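Pasting a structure here, questions to come.
The model shown is predicted, which means the values in this text are computed figures rather than measured ones. Order of listing sets the numbers, starting from 1, for every ligand and every atom in it.
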Amino acid sequence: MECIFCDQENTAKSIEHIVSEAFGNKSYVAQRGRVCDDCNNRFSKFEGTALSNSVFVMERARLGIATKKGKNAKGKVDNLEIAGHEEFEKNLITIKGLTDDNFIAFDPDTKTGKLYVKSFDKSEVAASKLLLKMALSSIFTSQRELFNKYDFTNLKRFLTNKDNADWPFMTSGYEIGKFQSIPRFTDKFNLGKVRCSLRYFEMDENTLLFMFTYGAVSMVINLLNRNLEWIESYSNSDSVSSLYPEHFRKKTVTEKRIVANGSKQ
Ligand SMILES: [Zn+2]
């Protein structure tokens, strides 16, 4: 069988979970051989980073999701050690290593403040790869027409390390159009039970958006290329959306400035 990421004929021994087991997914898997062992091994590296060193570990801890090995979720984000409850009770997160920097506008009189934890800790690239990986396996498994309709060469080159340029994505739950579920029927239902949804929206011929939602966390990425055009519509419509990796923000700001200067003349 051919691997959907590297196109190699293979007889894979492992079965790839389309959505990581650490998110609580047990049954949504790719057909054996559709993700070869080499790709699967490569993916497990960025998967670990994305799951344990980003906002995903906070959410896994908050939702009381057990790991593949039946342990509570644990990770590290920006010197903070984060752990879910040992007995998987929801909404109980242990955070070790908090300093004053983590509290914004703390008022000692009312003992009120905002707790600030970064969304990513050198895990942006890993998160972008995890999103792209889940998207392609899911589309291949559940929406074969969509898989055949688009050219995913850029995505495949990025995930097989043939092209390592960063790939932009946004943290946003804003729907710029009507997003539709990729998993169907039982898969959609089971993923819903662990607060996961995988959806797509065909924006234009160069923009096939994928939105992954896990509990209160949503991320959006274009599956076809690294273009930044769609980003602007998002940042204009959703004031709490953020673009990652952060260096892309300068680019969009510069582009806006060029447009602004150009229109003055
Ligand atoms: Zn492969």
Seminar exercise, completed: Partner of Glu21 under salt bridge (charged side-chain N to carboxylate O under 4.0 Å, His left out), picked from Lys68, Arg60, Lys69, is Lys68

For this session: Assess the side chains of Ser14 and Asp37: does a donor N or O sit below 3.5 Å from an acceptor N or O?
Result: yes

Problem set entry | Residues Arg195 and Glu59 bridged, charged N to O under 4.0 Å | no

Exercise. Is there a donor in the side chain of Ser138 and an acceptor in the side chain of Tyr28, or the other way round, less than 3.5 Å apart?
Worked result: yes

For this session: For the Zn ion (ligand 1), check which protein N, O or S atoms are under 2.8 Å away and list them.
Result: Cys3 SG, Cys6 SG, Cys36 SG, Cys39 SG

Seminar exercise, completed: Residues at least two apart in sequence or cross-chain that pass ring-ring contact (aromatic ring centres under 6.0 Å, His included) with Phe201, listed by chain then number, are Phe179

Seminar exercise, completed: Smallest heavy-atom separation, Asp78 atom then Asp121 atom, equals N-OD2, 2.6 Å

